[in-house]
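Every number for a ligand or one of its atoms is a count from 1 in the order of the listing. The model shown is predicted, which means the values in this text are computed figures rather than measured ones.
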Amino acid sequence: MAIPQLQGKQVLITGAASGIGRASVLAFARQGANIIASDLHLDSLQGLQQEVQALGVDCLIYAVDVSDNNAMAAFAKEVQQQVGAPDVLFNNAGIAYMGKFLDSGLEQWQRIINVNLMGVVHGCYHFLPLMLAAGGPRQVVNVSSTASYAPSPSMASYAASKFAVAGFCDVLRMELHGSQIGVTDVCPGVINTAITASGAAPSMQGEQIQRLQAYYIKEGCSPDVVANDVVNAVMAGKTLVLTGPYSRLLYHLKRVSRRLLFRLTVKTAPKLGYL
Ligand SMILES: NC(=O)c1ccc[n+]([C@@H]2O[C@H](COP(=O)([O-])OP(=O)(O)OC[C@H]3O[C@@H](n4cnc5c(N)ncnc54)[C@H](O)[C@@H]3O)[C@@H](O)[C@H]2O)c1
């Protein structure tokens, strides 16, 4: 649901210490929103808290692992006591894993699903009831990825987790239809953040990872681009955000020709570091 005026609203962002989360904290704070920022470690959020407070808004920080259901339930209770229901719930925390399917252990699948999918599910499960009970226009924002419709090789578990987030968003949006809560699915393209360092199969170490990281540094845009698009989407009540390099192009290419998208992806993957 559109929230045209963010001044004084409560915006909760997970994975707030780095990349898209950090940039979004600052973008929402510049609009006058109060921030509830969480990440794995409190010390990674303390500098950000000072930066946000210097903008003249409140900033609460919490150490919460989004994959931990009990911790997320306790987090929701604590937030409700401190500030009430969030106006904007931004489920952003996520990790990557790069490596060909048969070169990778199955244990990393569980880790990716626990963080990227269940982290989003936990956020919605524990905060949505508070948001519904509080009433008024509110917005859930979940980060999937361009990998939720146009993945590359070496990202089987990551793409599966992001396809799942996109499907979850579609269903949640239908179930909330008629309420004052909207659901935004954010699909970033190539964004230059620390995410490329978050995990890779042994077969992909070294030169290939360097090639991939060089691609993200060269082609990737700043996370500020995503953050600004998310803020605008919340203010306008948009359901889908295609943001950053290749996100929009690949979305439309898939609709025009899945075959062409497949051939293009397979052809460019070795050059970019995906194979
Ligand atoms: N960078 C890209 O190119 C890109 C593209 C598409 C989608 N995304 C998605 O955007 C989101 C943010 O990624 P980013 O690029 O800013 O990465 P990042 O690594 O810079 O930031 C991710 C943050 O999430 C936190 N985090 C990781 N696991 C967590 C957990 N279990 N609980 C709480 N916090 C946790 C990390 O500590 C980190 O601060 C992710 O969901 C990612 O999948 C990124």
For the residue pair T196 and Q213, what are the closest heavy atoms and their distance?
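Where T196 meets Q213 most closely, the heavy atoms are OG1-CG, 3.5 Å.
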
Any donor-acceptor pair under 3.5 Å from [X] side chain to [Y] backbone:
X: S24; Y: I20; value: yes
X: Q31; Y: A33; value: no
X: K162; Y: V143; value: yes
X: T14; Y: N92; value: yes

Got the closest protein heavy atom to [atom], with its distance?
atom: atom 23 (C) of ligand 1; answer: G15 O, 3.6 Å
atom: atom 3 (O) of ligand 1; answer: I191 N, 2.9 Å
atom: atom 25 (C) of ligand 1; answer: D39 OD1, 3.4 Å
atom: atom 42 (C) of ligand 1; answer: I195 CD1, 3.4 Å
atom: atom 34 (N) of ligand 1; answer: A93 CB, 3.6 Å
atom: atom 30 (C) of ligand 1; answer: L40 CD2, 3.5 Å
atom: atom 5 (C) of ligand 1; answer: G189 O, 3.1 Å

Do H122 and N69 come within less than 4.5 Å of each other through their side chains, counting heavy atoms only?
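They are in contact (side-chain heavy atoms under 4.5 Å apart), so the answer is yes.
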
Any heavy-atom pair between the side chains of R173 and D185 that's under 4.5 Å?
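A side-chain contact under 4.5 Å exists here.
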
Among [options], which residue places a heavy atom closest to [atom]?
atom: atom 32 (N) of ligand 1; options: V115, V66, N114; value: V66
atom: atom 10 (O) of ligand 1; options: T193, T146, L45, V143; value: V143
atom: atom 18 (P) of ligand 1; options: A17, S18, G94; value: S18
atom: atom 12 (C) of ligand 1; options: N92, N91, I13; value: N92

Can you sort out which atoms of ligand 1 are near [X], meaning under 4.0 Å from one of its heavy atoms?
X: G19; result: 16 (O), 20 (O)
X: I95; result: 27 (C), 28 (N)
X: Y216; result: 3 (O)
X: V64; result: 32 (N), 33 (C)
X: D65; result: 30 (C), 31 (N), 32 (N)
X: S144; result: 7 (C)
X: I20; result: 10 (O), 16 (O), 44 (C)

Which label fits Y215 and Y246: parallel for a plane angle under 30°, tilted from 30 to 60°, or perpendicular past 60°?
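Judged by the thresholds at 30° and 60°, the geometry between Y215 and Y246 is parallel.
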
Qualifying residues under salt bridge (charged side-chain N to carboxylate O under 4.0 Å, His left out), relative to E207, sequence neighbours excluded:
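Salt bridge (charged side-chain N to carboxylate O under 4.0 Å, His left out) check on E207 returns R211.
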
Atom pairs and distances, donor-acceptor, side-chain atoms in residues 151-160, under 3.5 Å, two or more places apart:
residue, atom, partner, partner atom, Å
S154, OG, Y274, O, 2.5
S157, OG, Q108, OE1, 3.1

Which part of H41 is near ligand 1, with near meaning a heavy atom under 4.0 Å away: side chain, backbone, both or neither?
neither

Side chain to side chain contact (heavy atoms under 4.5 Å, CB included) partner of C187, chosen from L250, V241, L240, T243:
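That would be L240; it is the only one of L250, V241, L240, T243 passing the side chain to side chain contact (heavy atoms under 4.5 Å, CB included) with C187.
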
